[in-house]
There are 4 protein chains.
Amino acid sequence: MSVNKVILIGNVGQDPEVKHLDKDVTVARFPLATSESYTAKNGEKVTATEWHNIVVWRGLAKVVEQYVHKGDKLYLEGRIRTRSWDDKDGNKRYTTEINVDNMEMLTPKGQSTGAQQTSAPSNQQAASVSEPDFSSSDEDDLPF
Amino acid sequence: MSVNKVILIGNVGQDPEVKHLDKDVTVARFPLATSESYTAKNGEKVTATEWHNIVVWRGLAKVVEQYVHKGDKLYLEGRIRTRSWDDKDGNKRYTTEINVDNMEMLTPKGQSTGAQQTSAPSNQQAASVSEPDFSSSDEDDLPF
Amino acid sequence: MSVNKVILIGNVGQDPEVKHLDKDVTVARFPLATSESYTAKNGEKVTATEWHNIVVWRGLAKVVEQYVHKGDKLYLEGRIRTRSWDDKDGNKRYTTEINVDNMEMLTPKGQSTGAQQTSAPSNQQAASVSEPDFSSSDEDDLPF
Amino acid sequence: MSVNKVILIGNVGQDPEVKHLDKDVTVARFPLATSESYTAKNGEKVTATEWHNIVVWRGLAKVVEQYVHKGDKLYLEGRIRTRSWDDKDGNKRYTTEINVDNMEMLTPKGQSTGAQQTSAPSNQQAASVSEPDFSSSDEDDLPF
DNA sequence: TTTT
DNA sequence: TTTT
């Protein structure tokens, strides 16, 4: 009796962080920017950027791991989920994420414009697939 | 070149808070619940409820003021917007809201189930329209 | 690299026609009305109704068979599909349908307003489930 | 009390046909392809293409006229509308169209791949804007 | 009739 | 922190 659906088209802000949990479960996280342009009261053109915390699970996370890079444009379909956690001062805090159900790559293959990609050698894609050091990231304790 | 679209169907958790700002601008805020049922690993049926911070501006806010009550089921279309603010400890905090562009009432007229409504006298709708004390609420300093 | 998504909220125009094909595949079809109101140039208020040919397959078709009746309000998510066929004059003709992927019932249980339902005896739901005569309908040759 | 919403991402099949009606009203029409790939029962990979009749009015039609070309990838948001008309044999026939409310160009500027574009001289975009012969097209009598 |  |  209810619907919680998000549709985003935007640009990947950072290469995804991918974690391989036990039981062969993979999760990928990355920021996605959407932006809106409008004319302010003073006539100035303004671009407002919105950052979304994207979370992708299981099979789709493996697709992210292999093919999604900083700068890519993506179509995402998912659900809003707000998680709560306690910060160091004992305050309840909230983080809103987008849990992805469906994804389409809108950047044509070989046209990624992310810094890492363009500076990478010709075998960069394979390199990015193995991306060895995310699992040892010391950000593991952060809630997002 | 980007899209930020949310579609929700859910139930209003509290009667909307409506403020009349200067220049005849109205803003309405209320929580909306969506829920998902799934079967947990142990076979138990679980219902997870997600609460969304809904924000409605201008003409649509006046519709909310007149017709939307606790318990009503709504279809909403809007955009995700995360605002940042500084809490009392000087930490940056974030609140994610849904800014509504389009709304449809799914509760048939006269069938609202909210507690306030059902206990209200027959002129309750007019009463709720004038709703006198929100603007003097001491919650004005809170970011939502 | 492409998206074909439809979101409808509307009312069921006729009780669904349900067919049980071989291999335990079920398909349900029914018309759904959406309507838009607008003010014409002459100041008159006009309501335009749009009829959609809804098609539901497999497990979801069984849900339709059991729970969906004329008059019910539904949320549907699906894809547009246009089928072509040859009419009796040998002309190519086209029928556009909505293939449903996801459905939510928006009419509260026991509040259906369809004529058949309200006039039906207390066991009408079971009756509608077995709905014996659709498969022998002479409309079988029509493309919808 | 109803919703009729379509979201498409696909490729433009032909350069848009643009007509300037009286009262400065512009309408643009073009076919858009979406495609789905799946594995058939025999293990073969199949791509099914769906063609949508896109209709864009007024200001957005002028954007189409200037910027949209065969081959371009677009995000479109709109409504389903089925029109009826009488064919030469006096039969009622139906055409389903997508009336566009919102559009985003997904092909980066200068990267169109449509045949007409790549073979056009460097001033082809201005040329396509004036596109002189559509209004005298003898297809005017056709319903789409 | 488009794209991958 | 992305893109145009």
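Convention: sequence-line order gives letters A, B, ...; per-chain numbering from 1.
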Going through the distances and angles, do Ser37(D) and Thr47(D) end up as a side chain to side chain donor-acceptor pair (under 3.5 Å)?
CA-CA 4 Å; Ser37(D) 294; Thr47(D) 294; 3.2 Å; yes
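Of the charged side-chain nitrogens involved, none lies within less than 4.0 Å of a carboxylate oxygen, so that Glu50(B) and Arg79(A) do not count as a salt-bridged pair. Ion pairing between a basic and an acidic side chain is recognised when a charged N comes within 4.0 Å of a carboxylate O; Asp15(D) and Lys70(D) show no such pairing. By the 4.0 Å N-to-carboxylate-O rule, Lys5(C) lies close enough to Glu77(A) to be salt-bridged with it.
No side-chain N or O of Gln14(A) forms a donor-acceptor pair with one of His69(A) less than 3.5 Å apart.
In this structure, the CZ atom of Phe30(D) is 14 Å from the P atom of dT3(E), given to the nearest Å. Atom pair Met105(A):CE and dT3(F):C1' shows a separation of 15 Å (rounding to whole Å applied). To the nearest angstrom, C1' of dT2(F) lies 19 Å from CZ of Arg29(A). Between Tyr38(D) atom OH and dT4(E) atom P there is a gap of 20 Å when expressed in whole angstrom units. Atom CD of Glu104(A) and atom C1' of dT2(E) are 15 Å apart (whole Å). When rounded to the nearest whole Å, the span between CD1 of Ile54(D) and C1' of dT2(E) equals 12 Å. Rounded to an integer number of Å, the gap from NZ of Lys45(A) to C1' of dT4(F) is 10 Å. One can place NE2 of His52(D) at 15 Å from P of dT3(E), the figure rounded to the nearest angstrom.
In this structure, Gln14(D) and Ser37(D) both approach DNA chain E, and ranking their closest nucleotides by distance from the 5' end singles out Gln14(D).
Here the nucleotide nearest the side chain of Asn11(A), chosen from dT2(E), dT2(F), dT1(E), is dT2(F). Counting only heavy atoms from C-beta on, Lys70(A) has its side chain closest to dT2(F) among dT3(E), dT2(F), dT1(E). Out of dT2(E), dT4(E), dT2(F), the shortest distance to the side chain of Met1(C) is found at dT4(E).
Between the side chain of Thr49(D) and the base of dT2(E), at least one donor-acceptor pair of N or O atoms lies under 3.5 Å.
Remark: ring of Trp51(D) not stacked against base of dT2(E); the cut-offs of centroid gap under 5.5 Å and plane tilt under 30° are not jointly satisfied.
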